[in-house]
Amino acid sequence: TCTPHVYEKLFFLHVPKTGGYSINSWFKQYFRSDEIQVNLEITNWTKQNFWKSAKCIFGHLPYQSLNRHHPLKEYLKVTVLREPTDQLLSHLRMVRRLRDPENKKFWHTYSTDVQDISLSLNGLNFSKPLHIAKWLEDCPAPGKVLFHNCQTRYFLGNPNELSLSEFHADEALLTLRQFDVIGTLK
């Protein structure tokens, strides 16, 4: 017989626009505030000193890089994926809204690349699929990295490669096999 492993720690890889905000709220009910690290971003996880005390780590983090620096063997690894077209459109809309007045206080926290992308999305007509496809085709390199195969990139060793191939899909699938729970959002 096989005894299931009982985890005391949880790692949630939050792929953008896959319901993470709701999941984050749910996790906060089960961990004390000193045990949980949420809303971590690719740019700030290496600077943090919480690895020994955190029982729940949650954020937009590149899994392979994170696992290399801080092995996640002791963590229950969870993520949620979403139908790609829905995820892409939601992500595009969210980045476009970053420039809205109600988000002004957060504007400075985004890189100039993301700010430029947000501004360039201003004229995008979401009711015209060809308009969206043309914008994606013509967007600068940072936009391609941000939007093209976004979900896949979180499971790659080098998520910043400009062009992805079938090899990258295979790599992402191998990485996903390391997760204990993979949810889907419809």
Side-chain angles (χ1 to χ4, degrees), residues 12-27 37-48 58-66 78-173 175-176 182-186:
F12 180 76
L13 173 61
H14 178 199
V15 176
K17 309 317 295 173
T18 59
Y21 183 81
S22 298
I23 293 167
N24 179 6
S25 298
W26 187 76
F27 286 152
Q37 289 291 321
V38 297
N39 301 324
L40 296 173
E41 297 292 333
I42 290 170
T43 56
N44 69 3
W45 68 269
T46 56
K47 300 173 187 164
Q48 304 294 327
F58 179 101
H60 300 124
L61 303 166
Y63 177 78
Q64 286 192 36
S65 180
L66 177 68
V78 179
T79 194
V80 174
L81 300 174
R82 184 174 180 183
E83 190 280 322
T85 303
D86 291 342
Q87 187 275 339
L88 171 63
L89 292 173
S90 182
H91 198 192
L92 285 164
R93 285 184 183 105
M94 187 272 303
V95 172
R96 181 173 69 175
R97 284 191 307 267
L98 295 177
R99 59 156 173 67
D100 290 351
E102 63 269 15
N103 295 318
K104 186 177 181 179
K105 64 182 174 181
F106 301 110
W107 181 255
H108 72 282
T109 66
Y110 295 98
S111 70
T112 55
D113 284 337
V114 172
Q115 291 175 4
D116 291 345
I117 292 165
S118 178
L119 294 170
S120 76
L121 285 166
N122 191 36
L124 187 60
N125 185 338
F126 282 90
S127 66
K128 296 186 176 181
L130 291 177
H131 198 205
I132 296 168
K134 179 74 171 136
W135 185 91
L136 289 166
E137 183 181 317
D138 295 342
C139 73
K144 291 187 185 327
V145 171
L146 188 61
F147 297 117
H148 289 201
N149 294 297
C150 172
Q151 296 180 97
T152 301
R153 291 177 185 277
Y154 278 85
F155 303 96
L156 298 178
N158 181 4
N160 296 317
E161 285 190 46
L162 200 52
S163 178
L164 300 185
S165 67
E166 198 171 300
F167 167 79
H168 295 98
D170 292 340
E171 179 186 352
L173 288 171
T175 301
L176 274 167
I182 303 169
T184 57
L185 178 70
K186 292 188 179 196

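- With a 4.5 Å cut-off on side-chain heavy atoms, C150 and K17 do not count as touching.
- Relative ring orientation between F58 and H14 is described as tilted, the plane-to-plane angle lying within the 30° to 60° band.
- Closest approach of R96 and D100 over heavy atoms only: O-OD1, 4.3 Å.
- Counting heavy atoms from C-beta on, the side chains of Y63 and L176 never come closer than 4.5 Å.
- How far CG of L61 is from CZ of F12: 11.0 Å, rounded to the nearest 0.5 Å.
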Go through the steps to decide whether L156 and L164 satisfy the test side-chain contact (heavy atoms from CB on, under 4.5 Å), and finish with yes or no.
CA-CA 10 Å; L156 298 178; L164 300 185; 3.8 Å; yes
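- When atom types are taken as modelled, the side chain of R153 and the backbone of H148 share a donor-acceptor pair closer than 3.5 angstrom.
- More than 12 non-hydrogen atoms from other residues, nucleotides or ligands lie less than 6.0 angstrom from CD of E102.
- In this structure, the side chain of K134 does not engage the main chain of P129 through any donor-acceptor pair within 3.5 Å.
- Residues H168 and N149 are not in side-chain contact: their nearest non-hydrogen atoms beyond the backbone lie 4.5 Å or more apart.
- Atom OH of Y21 is surrounded by 12 or fewer heavy atoms from other residues, nucleotides or ligands within 6.0 Å.
- When each of T18, I182, L185 is checked for a side chain to side chain contact (heavy atoms under 4.5 Å, CB included) with L81, only I182 meets the rule.
- By the 4.5 Å heavy-atom criterion applied to side chains, R97 and N103 are counted as neighbours.
- Remark: side-chain polar atoms of Q64 are not paired, donor with acceptor, to backbone N or O of T175 under 3.5 angstrom.
- Between R99 atom CZ and Q115 atom CD the span is 13.0 Å, to the nearest 0.5 Å.
- No side-chain heavy atom of L98 sits under 4.5 Å from any side-chain heavy atom of F106.
- Residues L136 and C139 share a closest heavy-atom pair of O-SG, 3.3 Å.
- One finds the CZ atom of F126 at 9.5 Å from the OG atom of S90 (value rounded to the nearest 0.5 Å).
- Residues H131 and L124 come closest through the heavy atom pair O-CD1, 3.6 Å.
- Rounding to the nearest 0.5 angstrom, the gap separating the CG atom in L13 from the CG atom in L66 is 8.5 Å.
- Among L121, L146, I117, the one residue that satisfies the side chain to side chain contact (heavy atoms under 4.5 Å, CB included) test with L92 is L121.
- The minimum heavy-atom distance between W135 and S120, with the atom names listed, is CZ2-OG, 3.3 Å.
- Annotation for H91 and P16: closest pair NE2-CB, 3.9 Å, computed over non-hydrogen atoms.
- Judged purely by atom type and a 3.5 angstrom limit, Q151 has no side-chain atom pairing as donor or acceptor with the backbone of V15.
- For the atom pair CD (E137) and NZ (K144), the distance works out to 7.0 Å, reported to the nearest 0.5 Å.
- Using a 4.5 Å heavy-atom cutoff, the side chains of F155 and T79 are in contact.
- Under the 4.5 Å side-chain criterion, counting only non-hydrogen atoms from C-beta, V145 is not in contact with D113.
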